[in-house]
Amino acid sequence: MPVPAAVRVLVLGGTTEARRLAESLAGDRSVRVTTSLAGRVAAPRLPPGEVRVGGFGGPEGLAAWMREHDVDALIDATHPFAAAMSRNAAEAAALAHVPLLALRRPGWVAQDGDHWHSTGSLAEAAGLLPALGERVFLTTGRMGLAAFAGADLDALWFLVRSVDAPEPPGPARMAVLLDRGPFTLEGERELLRRHRIDVLVTKDSGGDATAPKLTAAREAGIPVVVVRRPPVPEGVPVAATPDEAVEWVRRF
């Protein structure tokens, strides 16, 4: 009897969940997995299986790539805030008639003692800061720092943490801390103390790797400005864990 062809899965990656999904699928002989990375991080942690680095040229380019490589299933496991890529994935899946699943870790939930201020954008978050503190721990990544470059924020000091060095424009008064999670609670407590942080700004990325900063802020009574994540494109099913995504793939 002929051996069934392997299911070809394209994972749009760059997250811990994408890497864990690739690790699970790479050990399955019935699946051939390729992970696509945007190439924005200088030294990414490469997952097992085939890896592709770089953009596709929009939804049409992604659809063409999937047709050329006979992709059977597409999994959008990009960062929860990679809204443009998620929209492209949804459009490309429709163009290529390829099933699409979004892999999204659950968002964070405020606990007793938290002082959270929910916002819909970085610009809105920046507007709240003068009333909340003077020494800001900014953990929204290196993209979008222009939102915090306004003259009305020149009196504030920012500690900007990112994996790679940010490019201008950015806050007038800032220090850059290059680091990559996961972070420890002890380390986050010390960071807040050492830099005398009195307000934290973060995106609702979810997950455990960067969550200790929220606990440290709660313990210190520090307000947290949380930027809400964009919604998954309408009609796209969502898996909360890599295991759920694996089960979805095994239905093919």
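No hydrogens, no waters, no symmetry mates; every other heavy atom, side chains included, goes into these values.
Ring pair Phe56/Trp65 is perpendicular by interplanar angle, where above 60° counts as perpendicular and below 30° as parallel.
A donor-acceptor contact closer than 3.5 angstrom links the side chains of Thr34 and Glu50. Side chain to side chain, Arg104 and Ser86 meet the donor-acceptor criterion of an N or O pair below 3.5 Å. Side-chain contact of Asp243 with Thr241: a donor-acceptor pair under 3.5 Å is absent, judged by distance alone.
Arg67 CZ: more than 12 foreign heavy atoms inside a 6.0 Å radius. For Arg194, the CZ atom is densely surrounded, since the number of other residues' heavy atoms within 6.0 Å is greater than 12. Other residues, nucleotides and ligands place no more than 12 heavy atoms under 6.0 Å from the CG atom of Asp208.
Checked for salt-bridge contact, Glu190 and Arg193 meet the test: a charged N lies under 4.0 Å from a carboxylate O. Ion pairing between a basic and an acidic side chain is recognised when a charged N comes within 4.0 Å of a carboxylate O; Arg20 and Glu23 show no such pairing. A salt bridge links Glu188 with Arg161: the distance from a Lys NZ or Arg NE/NH1/NH2 to an Asp or Glu carboxylate oxygen falls below 4.0 Å.
Judged as a side-chain hydrogen bond (donor to acceptor under 3.5 Å, both in side chains), and not counting sequence neighbours, the contacts of Asp114 are Arg218.
At least one cation-pi condition fails for Arg135 and Phe158: the charged atom is not both under 6.0 angstrom from the six-membered ring centre and inside a 45 degree cone around its axis. For Arg180 and Phe183, the positive end is not near the middle of the six-membered ring at less than 6.0 Å and at most 45° from its axis.
In the hydrophobic clustering of ILVMFWY residues, with side-chain heavy atoms under 4.5 Å counting as a link, Met85 and Met66 come out together. Clustering ILVMFWY residues whenever any of their side-chain heavy atoms sit less than 4.5 angstrom apart, transitively, puts Met174 in the very cluster that holds Leu178.
Thr15 contributes a side-chain N or O that, together with a main-chain N or O of Ala77, makes up a donor-acceptor pair within less than 3.5 Å. With hydrogens and angles ignored, the 3.5 Å screen pairs no side-chain donor or acceptor of Asp72 with any backbone N or O of Val7. Between the side chain of Asp204 and the main chain of Val227, no donor-acceptor pair closer than 3.5 Å is present. Looking at Ser162, its side chain never comes within 3.5 Å of a backbone N or O of Ala165 through a donor-acceptor pair. Glu68 places no side-chain N or O within donor-acceptor distance of the main-chain N or O of Ala64, the cut-off being under 3.5 Å. No donor-acceptor distance shorter than 3.5 angstrom exists from the side chain of Trp157 to the backbone of Val136, with no hydrogens or angles considered. For the pair Arg229 (side chain) and Ser205 (backbone), a donor-acceptor distance under 3.5 Å is present.
Checked against Val33 for a side chain to side chain contact (heavy atoms under 4.5 Å, CB included), the options Leu10, Leu25, Asp28 give a single hit: Leu25.
Between Leu101 and Leu74 the shortest side-chain heavy-atom distance does not fall below 4.5 Å.
Applying the ring-ring contact (aromatic ring centres under 6.0 Å, His included) definition to pairs two or more places apart or across chains, those involving residues 70-93 are His79-Phe81.
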